[in-house]
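Note on naming: letters A, B, ... go to the chains in the order of the sequence lines (proteins, then strands), and numbering restarts at 1 for each one.
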Number of protein chains: 2
Amino acid sequence: MIMKKAQVSRRSQIERTAETQSVLIQAAVRLLATAGYGKTTTQSIAKEAGVTTGALHHHFPTKDDLMLAVLDQSAITVEAKLEAENAMPFTGKASIRDVVDHLWQIYGQPDYWAVWEIIIGTRVDAGVHQRVLEHRAQSMANVMLPWLKRVDSLTGSVTRSDAAEIFEFMLITIRGLSLERFMDKDPAYFERHLSMLADFVSFRLQSLEQQLAHQETKL
Amino acid sequence: MIMKKAQVSRRSQIERTAETQSVLIQAAVRLLATAGYGKTTTQSIAKEAGVTTGALHHHFPTKDDLMLAVLDQSAITVEAKLEAENAMPFTGKASIRDVVDHLWQIYGQPDYWAVWEIIIGTRVDAGVHQRVLEHRAQSMANVMLPWLKRVDSLTGSVTRSDAAEIFEFMLITIRGLSLERFMDKDPAYFERHLSMLADFVSFRLQSLEQQLAHQETKL
DNA sequence: TTACATACATATCAATCGGTATGTAAATAG
DNA sequence: CTATTTACATACCGATTGATATGTATGTAA
């Protein structure tokens with residue numbers, strides 16, 4: 001016990017800062033996801049993190065600063081999950097379902113809803129909302145790039161704008177599904193609709209390919 | 001001017017009640033849709049409605065009561081829009097796009113977001129949230145019924161559970177699309193994805209029919 | 001016209017919001 | 001070991017929250 005106390009008290013300043021900030025961000029994410037933006041107060045965040053509001057405001061002068069830090073952390077987490085996926089192979093129709101599952105694993109995660117709470121919750125505050133949107137646009141581009149590369153290597157004929165459109169559609173549906181988590185739906189419900197989404201994407205890619213092949217034979 | 005004053009002051013009690021409650025509900029919807037649940041306070045609602053908080057609490061003892069009244073009103077509005085659509089014919093693939101457009105006209109309306117603000121905003125309060133969910137389940141059943149009848153009369157072979165699943169998928173995508181309104185997307189973005197959704201539904205219905213036709217020839 | 005109910009306003013409540021001022025403990029530079 | 005900075009706690013601020021208490025205006029039934 002004493003040793004542990006001594007150990008804790010011997011953290012460097014940068015370690016202390018990193019840990020406290022991390023704890024605060026995680027607490028904020030948890031509260032945003034479960035209670036929503038409106039009920040995620042600086043006091044509840046501090047309590048959840050096990051620090052005081054003084055500590056919170058020391059690291060994040062305003063609540064908005066903390067919210068933006070949550071977005072930063074979320075972007076990092078998403079990127080890490082994506083890189084794990086990028087290491088895997090991508091071989092045709094069967095793996096479309098894997099892509100859908102993976103997107104759901106990222107954006108269907110309860111914690112990810114924190115990001116939407118911030119987007120929606122800050123929409124009245126023009127200043128913050130603008131920064132949030134910029135943040136998001138950057139993140140979105142990073143996420144889509146690997147998909148575009150994969151579709152290129154897979155079909156070689158589907159245009160980038162078509163592939164981008166399909167990717168957008170996947171994210172839209174997955175976002176809609178994530179809203180359903182606020183209702184009392186069973187897991188099979190989500191499974192069914194992820195499956196339908198994967199079917200559709202496969203169908204869409206296939207028909208785009210055939211269309212282009214047909215045009216080429218004509219020329 | 002005097003006549004008008006006299007006219008207004010000569011409303012019956014039931015008229016006064018109906019008008020004031022309506023004004024309050026409309027104000028709440030407007031604020032929920034634009035500012036969100038957290039920033040929709042009883043005082044801002046009263047101010048927006050042009051009455052005092054005393055009047056608000058006279059008609060709706062608690063904020064929750066007013067929120068449930070918003071859901072009631074929303075259900076009525078949706079039902080009215082549906083009946084207008086039900087009067088129109090339903091003739092095959094082309095009109096699938098009409099159905100999608102109509103659903104978007106209902107659920108993509110900025111004001112409808114008020115309903116989601118309530119669903120999401122009250123999710124911590126178990127008591128209210130339960131009533132909200134029950135309210136919603138009832139409303140959903142009403143919305144889906146005409147679709148099921150139409151698919152029946154159109155194909156005659158697609159099962160009800162398949163048709164219901166497709167309808168759910170449409171709503172999921174439309175909900176996801178409605179989230180995009182908080183980003184700065186151009187109208188063409190929405191048009192593209194509504195079009196894709198319609199394509200998919202047509203494809204799905206068609207392939208389900210062929211599947212069933214194939215099974216019948218086998219027997 | 002009287003008696004009463006209903007509709008609504010004013011004033012105010014305790015609780016809580018985001019944020020600040022100030023004091024103390026812990027780490028680090030000299 | 002000392003001086004200084006950094007991390008964090010305690011205490012508190014004005015503003016605002018949902019809600020209530022009480023008074024007044026308006027409609028209605030006898």
Side-chain angles (χ1 to χ4, degrees), chain A residues 2 4-25 27-28 31-32 35-70 118 121-122 124-125 127-128, chain B residues 2 4-25 27-28 31-32 35-70 118 121-122 124-125 127-128:
Chain A
I2 294 170
K4 194 179 177 186
K5 179 78 179 286
Q7 206 177 4
V8 169
S9 70
R10 266 302 154 197
R11 293 175 303 171
S12 72
Q13 296 285 52
I14 34 179
E15 279 173 341
R16 290 177 75 187
T17 295
E19 285 176 25
T20 303
Q21 289 187 355
S22 171
V23 163
L24 279 167
I25 290 171
L31 287 173
L32 284 167
Y37 187 85
K39 306 211 172 185
T40 301
T41 65
T42 52
Q43 312 189 26
S44 66
I45 295 171
K47 190 178 177 184
E48 173 86 11
V51 299
T52 61
T53 59
L56 186 151
H57 280 100
H58 171 71
H59 291 287
F60 305 100
T62 71
K63 186 183 176 183
D64 292 337
D65 289 323
L66 177 50
M67 295 297 111
L68 287 172
V70 167
I118 294 172
T122 62
V124 271
D125 189 333
V128 186
Chain B
I2 292 171
K4 191 179 178 186
K5 178 77 178 289
Q7 206 176 4
V8 170
S9 70
R10 268 300 155 197
R11 293 177 300 172
S12 72
Q13 296 285 50
I14 34 179
E15 278 174 341
R16 288 176 75 186
T17 295
E19 284 177 26
T20 304
Q21 289 188 355
S22 171
V23 162
L24 279 168
I25 289 172
L31 287 173
L32 283 167
Y37 186 86
K39 306 211 171 184
T40 301
T41 66
T42 52
Q43 310 189 30
S44 67
I45 296 171
K47 189 178 178 184
E48 173 85 11
V51 299
T52 62
T53 59
L56 186 151
H57 281 100
H58 171 72
H59 291 287
F60 305 101
T62 71
K63 187 183 175 183
D64 291 338
D65 290 323
L66 177 51
M67 294 298 112
L68 286 173
V70 167
I118 294 172
T122 63
V124 271
D125 189 334
V128 186

With sequence neighbours left out, what residues match B/Thr122 under side-chain contact (heavy atoms from CB on, under 4.5 Å)?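 side-chain contact (heavy atoms from CB on, under 4.5 Å) list for B/Thr122, sorted by chain: B/Tyr37, B/Ile118, B/Val128, B/His129, B/Val132.
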Interatomic distance where [atom1] belongs to [X] and [atom2] belongs to [N] [whole Å]:
X: B/Arg16; N: C/dA5; atom1: CZ; atom2: P; value: 17 Å
X: B/Ile14; N: D/dT28; atom1: CD1; atom2: P; value: 8 Å
X: B/Glu19; N: C/dA7; atom1: CD; atom2: P; value: 13 Å
X: A/Lys63; N: C/dT20; atom1: NZ; atom2: C1'; value: 17 Å
X: B/Gln43; N: C/dA9; atom1: CD; atom2: C1'; value: 14 Å
X: A/Leu66; N: C/dG19; atom1: CG; atom2: P; value: 10 Å
X: B/Ile45; N: D/dA19; atom1: CD1; atom2: P; value: 10 Å
X: B/Lys39; N: C/dC17; atom1: NZ; atom2: C1'; value: 12 Å

Counting only non-hydrogen atoms, which of residues 54-61 of chain B are less than 4.0 Å from DNA chain C? B/Gly54, B/Ala55, B/His58, B/His59
Side chain to side chain donor-acceptor pair (under 3.5 Å): pairs with one or both residues in residues 44-54 of chain A, sequence neighbours excluded: A/Arg30-A/Glu48, A/Thr41-A/Ser44
Given C/dT10, is OP1 or OP2 found less than 4.0 Å from the side-chain N or O atoms of B/Thr52? no
Examine C/dC8: is either OP1 or OP2 under 4.0 Å from a nitrogen or oxygen in the side chain of B/Thr20? Give yes or no. yes
Residues in side-chain hydrogen bond (donor to acceptor under 3.5 Å, both in side chains) with B/Glu19, at least two apart?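 B/Arg11.
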Just jot down the side-chain hydrogen bond (donor to acceptor under 3.5 Å, both in side chains) partners of A/His57, sequence neighbours excluded, or say none. none
Is A/Phe60 close to A/Gln21 at the side-chain level, that is, under 4.5 Å between some pair of heavy atoms?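 Counting from C-beta outward, A/Gln21 and A/Phe60 do come under 4.5 Å.
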How long is the span from the NE2 atom in A/His59 to the CD1 atom in A/Ile25, to the nearest 0.5 Å?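 Taking NE2 in A/His59 and CD1 in A/Ile25, the distance rounds to 10.5 Å.
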At what distance, to the nearest 0.5 angstrom, does NZ of A/Lys39 lie from CG of A/Leu31?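 Here the interatomic distance stands at 12.0 Å.
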Pairing annotation in dot-bracket form, given for DNA chain D with Watson-Crick or G-U pairs under 3.5 Å and | for cross-strand partners: ||||||||||||||||||||||||||||||
Hey, does the side chain of B/Thr20 reach the backbone of B/Arg16 with a donor-acceptor pair shorter than 3.5 angstrom?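 A pair under 3.5 Å: yes.
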Between A/Thr17 and B/Asp64, name the one whose nearest nucleotide on DNA chain D is closer to the 5' end.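 It is A/Thr17, whose closest nucleotide lies nearer the 5' terminus.
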Salt bridge (Lys or Arg N to Asp or Glu O under 4.0 Å) contacts touching residues 53-66 of chain A (sequence neighbours left out):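 For residues 53-66 of chain A: none.
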